[in-house]
Engineer: 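One structure, pasted below without further comment.
Lettering of chains follows the sequences in order, A, B, ..., and the numbering in each one begins at 1.
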There are 2 protein chains.
Amino acid sequence: MSDFESTKLGVLRTLIALTRKVRTLFDARTGEYGLTEARARLLLHLSKSGPLTQSELAEAMEVERPTMARLIDGMETSGMVRRDIHPGDRRQRHIHLTDAAEGQVQAVLKLSEQVRADVLAGISEEDLAITHKVLLQMFDNVVKAGH
Amino acid sequence: MSDFESTKLGVLRTLIALTRKVRTLFDARTGEYGLTEARARLLLHLSKSGPLTQSELAEAMEVERPTMARLIDGMETSGMVRRDIHPGDRRQRHIHLTDAAEGQVQAVLKLSEQVRADVLAGISEEDLAITHKVLLQMFDNVVKAGH
DNA sequence: TCCATCTAGATAGATCGCTAACTGTTAGCT
DNA sequence: AGCTAACAGTTAGCGATCTATCTAGATGGA
């Protein structure tokens, strides 16, 4: 088997294993804030975007709506977000960060940048750019293949 | 923000989203065999390696032992694998594919190669090699950071 | 106006991943 | 022989993801 063939065999497997490891690293680091990787990402996203509906958040973070609903459930229970019913359309819930959560944003941002730096250590700008391009291409391929 | 900075921000996010999408694509394709991405991977692994213990399988597929145990539970229930107690060491269970599962290997192999081909479509050998190298580096970084 | 359709969100059920803690078995050392 | 440590596997509990389905509310055409 050529090197190319064995790379093809391994790259998806590496992708999957790496994603799991990144998540567990994130979970370990953010555990003291009552956060997980998914929660931290939502926290940071909301702090940048401002209040959005659940559907908008789901689309922006590329998860399905029930996934987002459950994520919000958990963060609502631990007092990090608030569901506000939109006055003009009672179907919509606008998701706000609570003051407590706003206060954590800086710390989580720092922590998440640290994780990112750890993960990307020793990788050249060129290689990283190529990798990102390739991952985006794969993503596009999967979306197309899904039809 | 430089391009390098924005790539750093996006690449991990793309990685996570891509992994989810690849898994769901796999699940959709293999659904008719009563398989999922994880089950298909175990099926193919066992067909190549021959019978192994649960711990060996867990290590080879880079998941924890309870994860492997439950995966085997499900496949045992649907009649794809068999747990054989090792005569010399009653702690060990040697996991065998059943005849029914052996018969599916070729079809699943084909299917999994098709998914792989779909995902990797249009990506050059050079870029893929770089990507794999970068992912492995990231994996190594995460393992080191986890201590 | 009224009924059909679309949209937003919630709920149910499944899979897969993790850690922590438990049982049973083996091995090793005194 | 017996105690301790290590190992294999299981169980319990939680988080995140998906699809399928349900309810409530909004919209639009007959």
Side-chain angles (χ1 to χ4, degrees), chain A residues 15-31 33-42 51-59 61-78 80-81 83-95 142 146, chain B residues 16-31 33-42 52-59 61-78 80-81 83-95 142 146:
Chain A
L15 181 82
I16 291 167
L18 172 59
T19 299
R20 279 202 309 269
K21 283 253 186 289
V22 168
R23 171 161 303 160
T24 45
L25 175 63
F26 216 107
D27 287 354
R29 296 268 181 92
T30 55
Y33 296 91
L35 284 173
T36 59
E37 179 267 342
R39 287 184 183 195
R41 282 207 303 135
L42 178 54
L52 293 176
T53 67
Q54 297 189 188
S55 293
E56 287 166 345
L57 284 171
E59 189 181 359
M61 292 180 56
E62 285 162 332
V63 297
E64 296 304 315
R65 280 175 301 151
T67 302
M68 182 54 61
R70 288 214 169 153
L71 186 55
I72 292 168
D73 283 347
M75 291 179 73
E76 191 178 33
T77 300
S78 32
M80 286 191 280
V81 301
R83 282 175 158 106
D84 281 3
I85 294 179
H86 189 272
D89 184 341
R90 276 181 298 174
R91 292 172 304 180
Q92 296 182 19
R93 312 296 150 90
H94 285 216
I95 310 302
V142 174
Chain B
I16 291 166
L18 172 60
T19 300
R20 278 202 309 268
K21 284 253 186 289
V22 169
R23 188 187 314 271
T24 45
L25 175 63
F26 216 107
D27 288 354
R29 295 270 182 93
T30 54
Y33 296 91
L35 285 173
T36 59
E37 178 268 341
R39 288 184 182 195
R41 282 206 306 136
L42 178 54
L52 294 176
T53 67
Q54 297 188 187
S55 292
E56 287 166 345
L57 284 170
E59 190 181 358
M61 292 180 54
E62 285 164 332
V63 298
E64 297 303 315
R65 280 175 299 150
T67 301
M68 180 55 61
R70 282 215 298 197
L71 188 54
I72 292 168
D73 284 347
M75 291 180 72
E76 192 178 32
T77 300
S78 35
M80 286 191 279
V81 301
R83 280 176 160 106
D84 281 3
I85 294 180
H86 190 272
D89 185 340
R90 274 182 299 174
R91 290 171 304 182
Q92 296 182 21
R93 314 294 153 91
H94 284 217
I95 310 302
V142 174

Engineer: With side-chain contact (heavy atoms from CB on, under 4.5 Å) as the test, pick out the partner of Met68(B) among Thr53(B), Ile95(B), Val63(B).
Structural biologist: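 Of the listed options, the one satisfying the test is Val63(B).
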Engineer: Using atom CD of Glu56(B) as one end and atom P of dG9(D) as the other, report the distance to the nearest whole Å.
Structural biologist: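 Going from Glu56(B) (CD) to dG9(D) (P), I get 8 Å.
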Engineer: To the nearest Å, how far apart are Leu71(B) CG and dG17(C) P?
Structural biologist: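 These atoms are roughly 7 Å apart.
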Engineer: At less than 4.0 Å, is any side-chain N or O atom of Arg83(A) found next to OP1 or OP2 of dA10(C)? Yes or no.
Structural biologist: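 It does, given that an N or O in the side chain of Arg83(A) lies less than 4.0 Å from OP1 or OP2 of dA10(C).
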Engineer: Return yes if the base of dT17(D) and the side-chain atoms of Arg23(B) contain a donor-acceptor N/O pair under 3.5 Å, otherwise no.
Structural biologist: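 There is none.
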Engineer: Under 4.0 Å between a side-chain N or O of Thr53(A) and OP1 or OP2 of dA8(C)?
Structural biologist: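 For dA8(C), OP1/OP2 do not have a side-chain N/O of Thr53(A) under 4.0 Å.
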Engineer: Figure out the CZ/P separation between Arg41(B) and dT15(C), and round it to whole Å.
Structural biologist: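 Spelled out: CZ on Arg41(B) to P on dT15(C) is 17 Å.
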Engineer: Let me know, please, whether Ile16(A) or Gln54(A) comes out on the 5' side of the other along DNA chain C by nearest nucleotide.
Structural biologist: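 Comparing both residues, the 5'-ward one is Gln54(A).
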Engineer: Quick check: on DNA chain D, is the nucleotide nearest Val63(A) upstream (toward 5') of the one nearest Arg93(B), or the reverse? Name the residue that is more 5'.
Structural biologist: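 It is Arg93(B), whose closest nucleotide lies nearer the 5' terminus.
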Engineer: Between Arg39(B) and Asp27(B), does any side-chain N to carboxylate O distance fall below 4.0 Å?
Structural biologist: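 No.
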Engineer: Counting only distance, no hydrogens or angles, is the base of dG17(C) paired donor-acceptor with the side chain of Arg70(B) under 3.5 Å?
Structural biologist: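 Answer yes: a donor N or O sits under 3.5 Å from an acceptor.
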Engineer: Tell me which nucleotide among dA8(D), dA12(D), dT19(D) gets nearest to the side chain of Ser55(B).
Structural biologist: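 The closest nucleotide is dA8(D).
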Engineer: Round to the nearest Å and state the distance from Gln92(A) atom CD to dA24(D) atom P.
Structural biologist: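 After rounding, the reported distance stands at 18 Å.
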Engineer: Any N or O donor-acceptor pair linking the side chain of Arg91(A) to the base of dG9(C) at under 3.5 Å?
Structural biologist: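 It does not, because no donor-acceptor pair links the side chain of Arg91(A) to the base of dG9(C) below 3.5 Å.
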Engineer: Would you say Arg90(A) places a side-chain N or O within less than 4.0 Å of OP1 or OP2 belonging to dA8(C)?
Structural biologist: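 No, outside the criterion.
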Engineer: To the nearest Å, give me how far apart CD (Glu37(B)) and P (dC18(D)) are.
Structural biologist: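 The answer, rounded to whole Å, is 14 Å.
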Engineer: Rounded to the nearest Å, what distance is computed from the CD atom of residue Glu64(B) to the P atom of nucleotide dT15(C)?
Structural biologist: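 Taking atom P of dT15(C) as the reference, CD of Glu64(B) is at 21 Å.
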Engineer: Would you indicate which nucleotide in dA8(D), dT17(D), dT11(D) comes nearest to any side-chain atom of Arg65(B)?
Structural biologist: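 Nearest to the side-chain atoms of Arg65(B), counting from C-beta on, is dA8(D).
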Engineer: Check whether Arg83(B) reaches the backbone of Glu76(B) with its side chain - one donor and one acceptor, N or O, closer than 3.5 Å.
Structural biologist: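 Checked: no pair found.
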Engineer: Under a 3.5 Å distance rule, please check whether Thr30(B) uses its side chain to pair with a backbone N or O of Leu35(B) as donor and acceptor.
Structural biologist: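 Checked: pair present.
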Engineer: Using a heavy-atom cut-off of under 4.0 Å over every strand shown, decide if Arg20(B) touches base, sugar-phosphate, or nothing.
Structural biologist: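 Here Arg20(B) touches the backbone only, sparing every base.
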Engineer: Does Val142(A) reach the side chain of Thr24(B), with side-chain heavy atoms less than 4.5 Å apart?
Structural biologist: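 Heavy-atom side-chain distance check fails, nothing below 4.5 Å.
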Engineer: Does Thr24(B) reach a base, just sugar-phosphate, or nothing at all? Heavy atoms under 4.0 Å.
Structural biologist: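 Thr24(B): backbone/sugar contact only, no base atoms under 4.0 Å.
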Engineer: Return the value, rounded to whole Å, for the distance between atom NE2 of His86(B) and atom P of dT26(C).
Structural biologist: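 To the nearest whole Å, that distance equals 11 Å.
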